[in-house]
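Right, one structure below, let's go through it.
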Amino acid sequence: MAAGATGARIVFFGSHKQPSYVVETCNVPSRDLLKDGEILIKILISTICSSDIVSIDGKRELKPPCVLGHEGVGEVVYTKRLQNGLPSVSAGDRVVFTMCDNCGSCIMCKSEMQECCLSKNRYGSSGLSAGTGLNGCFATHVVLKKGTEVVKVPMNVPDIVASPANCALSTMVHAVNFATSNSKLKQSVAIIQGANLMGLYGCALLHEAGFVKVFCHDISRERLRLVPRFGGIPVLVEKDYDSGNNQNIEEGKADVVIDVCGNWDVIPYALHALCHRGIYVFVGTTYEENKSINIDTILNKCITIRGIQGYKSIHLQNAIDFLSKTANKYPYESLISSPFPLQDFHSAVVLARTKRYYRTAVKPQQLSTE
């Protein structure tokens, strides 16, 4: 691609602005303008995460003006990244990438907690002044920084299936890996609280990990519809989670409970259902209120509680491997809408708000390179 090539991007100015975002053309850097370690990719498909909607609504800290979007699959255009003296990826490779870069030198990175890097930049959140201004997936191109890990996508994983892998799936891989590697018990019964995208991925991951029963709880019958197709057992619960009608599992029968719904009311039931030395994992959720929990139950049952927010590069690699291994087993494509053109991003946002699909897809139209 020659210097001065033209691309397009969605620039978000802030929820208080009118309009809050616009489609604009932009310059795409040539290879000579990339820094050492950077990779230029053209976006093939991106998907709208629920956190993107939260950002558009002004309920999440950003640095506008910025390019939104952190879920996407792309094709390598140029690379200035070497590994053992050779390019780590090549032009034409189809890749996904970690949602954030990491410095590799802070105390968190040195402690193998790269997901908690103290100086990380998240794609879809950084301002236009941070680097090239191509740091979000709702664009024709993204420039990946040096500390961003990339994973090649196998031929049998379609773009639309690979796109959200670096968010919900990789985070759930992290959660399930923790739960299964730290449990001293025979893994037989698991509960997932919430049938969102992470919940469905979790059903498949736990089922493949050897759990005999994976229950998935939700207050929405519609969200539970696809649970059986991902290896889970759907359980419709009442909004009053403490209701006796929701006690579908005997006390102390669950080895693992994973909460992806972010509702305080589900916690007492999880503590009731967990067995001694059971594991309770909270994944990527935000609680809007504070309530008390029964510490005595946690102590008496020796329950392990862990919060999971983000993941390491190995989890992204495992996520892509999992999709490749199970591509013909689970209906991943049914979770995502047909793609909207980037120029019709507003219609994509409208559909995403309806939650008709677990993800709404956006497909950029590559512009002229002249």
Side-chain angles (χ1 to χ4, degrees), residues 7-17 19-29 33-43 46-74 76-81 95-106 108-109 113-150 163-164 166-168 170-171 284 286 309-313 316 342 345 349 362 364:
R9 62 190 180 185
I10 302 294
V11 178
F12 177 69
F13 298 105
S15 60
H16 61 290
K17 299 287 187 178
S20 60
Y21 53 81
V22 298
V23 184
E24 68 171 29
T25 58
C26 59
N27 292 326
V28 178
L33 294 177
L34 296 181
K35 298 177 181 178
D36 287 344
E38 291 185 336
I39 302 171
L40 173 68
I41 68 170
K42 66 178 180 181
I43 293 293
S46 58
T47 38
I48 300 176
C49 177
S50 57
S51 64
D52 291 314
I53 300 299
V54 172
S55 297
I56 290 171
D57 290 342
K59 299 178 181 179
R60 182 165 164 263
E61 185 176 349
L62 297 174
K63 299 176 182 178
C66 62
V67 181
L68 296 176
H70 56 270
E71 297 180 351
V73 57
V76 174
V77 180
Y78 302 128
T79 178
K80 276 194 155 181
R81 183 176 302 185
V95 298
V96 291
F97 50 92
T98 51
M99 291 190 299
C100 307
D101 60 359
N102 59 75
C103 68
S105 59
C106 71
M108 291 300 182
C109 288
M113 295 179 63
Q114 294 89 348
E115 71 271 27
C116 299
C117 174
L118 299 177
S119 60
K120 67 182 179 182
N121 291 295
R122 180 185 173 100
Y123 290 95
S125 300
S126 300
L128 293 182
S129 60
T132 63
L134 290 172
N135 42 22
C137 290
F138 300 145
T140 54
H141 299 80
V142 173
V143 175
L144 303 181
K145 295 185 176 182
K146 182 178 180 179
T148 306
E149 299 293 335
V150 296
S163 181
N166 75 335
C167 186
S170 293
T171 304
T286 300
Q309 183 76 282
Y311 56 87
K312 302 179 180 66
S313 57
L316 177 57
L342 189 68
F345 182 73
V349 170
V362 177

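Atom CG of Asn102 sits about 12.5 Å away from atom CE of Met113, to the nearest 0.5 Å. Rounding to the nearest 0.5 angstrom, the gap separating the SG atom in Cys137 from the CD1 atom in Ile41 is 6.5 Å. Atom CG in Asn27 sits 11.5 Å away from atom NE2 in His141 (nearest 0.5 Å). Residue Leu40 holds its CG atom at 9.5 Å from OG1 of Thr79, rounded to the nearest 0.5 Å.
Summarising the geometry of Val11 relative to Leu128, their closest heavy-atom pair is CG1-CD1, 4.0 Å, with the distance given to 0.1 Å. Closest of all the heavy-atom pairs between Val28 and Leu134 is CA-CD1, 4.3 Å. Taking both residues in full, the closest heavy atoms of Leu342 and Arg9 are given as CD2-N, 4.3 Å, listed atom of the first, atom of the second, then distance. Of all heavy-atom pairs between Thr47 and Ser163, the closest is OG1-OG, 3.0 Å. Nearest heavy atoms, Phe138 versus Ser46: CD2-OG, 3.4 Å. Of all heavy-atom pairs between Ala139 and Pro364, the closest is O-CG, 3.2 Å.
Side-chain contact between Leu68 and Ile10 is absent, with no heavy atoms from C-beta onward closer than 4.5 Å. Asp57 places none of its side-chain heavy atoms less than 4.5 Å from the side chain of Ser15. Proximity of Phe13 to Pro65: side-chain heavy atoms (C-beta onward) are separated by under 4.5 Å at one or more points. Within the 4.5 Å cutoff, the side chain of Glu149 has no heavy atoms near those of the Leu316 side chain. With contacts defined as side-chain heavy-atom distances shorter than 4.5 Å, the pair Val67/Asn135 qualifies. At a threshold of 4.5 Å between non-hydrogen side-chain atoms, the residues His70 and Ser51 count as touching. Counting only heavy atoms from C-beta outward, the side chains of Ser126 and Lys63 never approach each other to under 4.5 Å. Counting only heavy atoms from C-beta outward, the side chains of Cys49 and Asp52 approach each other to under 4.5 Å.
Thr140 places a side-chain N or O within donor-acceptor distance of the main-chain N or O of Ala8, the cut-off being under 3.5 Å. Under the 3.5 Å distance criterion, the side-chain polar atoms of Lys145 are left unmatched by any main-chain donor or acceptor of Asp101.
The neighbour count for Lys146 NZ, taken as heavy atoms of other residues, nucleotides or ligands under 6.0 Å away, does not exceed 12.
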- List the steps and the verdict of side-chain contact (heavy atoms from CB on, under 4.5 Å) for Ile53 and Val349. CA-CA 8 Å; Ile53 300 299; Val349 170; 4.0 Å; yes
- Message: With side-chain contact (heavy atoms from CB on, under 4.5 Å) as the criterion, how do Met99 and Tyr311 come out once you've worked through the C-alpha distance, each side chain's angles and the decisive distance to 0.1 Å?
- Response: CA-CA 9 Å; Met99 291 190 299; Tyr311 56 87; 3.6 Å; yes
- Item | Pair Tyr123-Phe97, ring-ring contact (aromatic ring centres under 6.0 Å, His included): steps then yes or no | CA-CA 10 Å; Tyr123 290 95; Phe97 50 92; 5.5 Å; yes
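Listed by chain and number, the residues in a ring pair (Phe, Tyr, Trp, His ring centres under 6.0 Å) with Tyr21 are Phe345 (sequence neighbours excluded).
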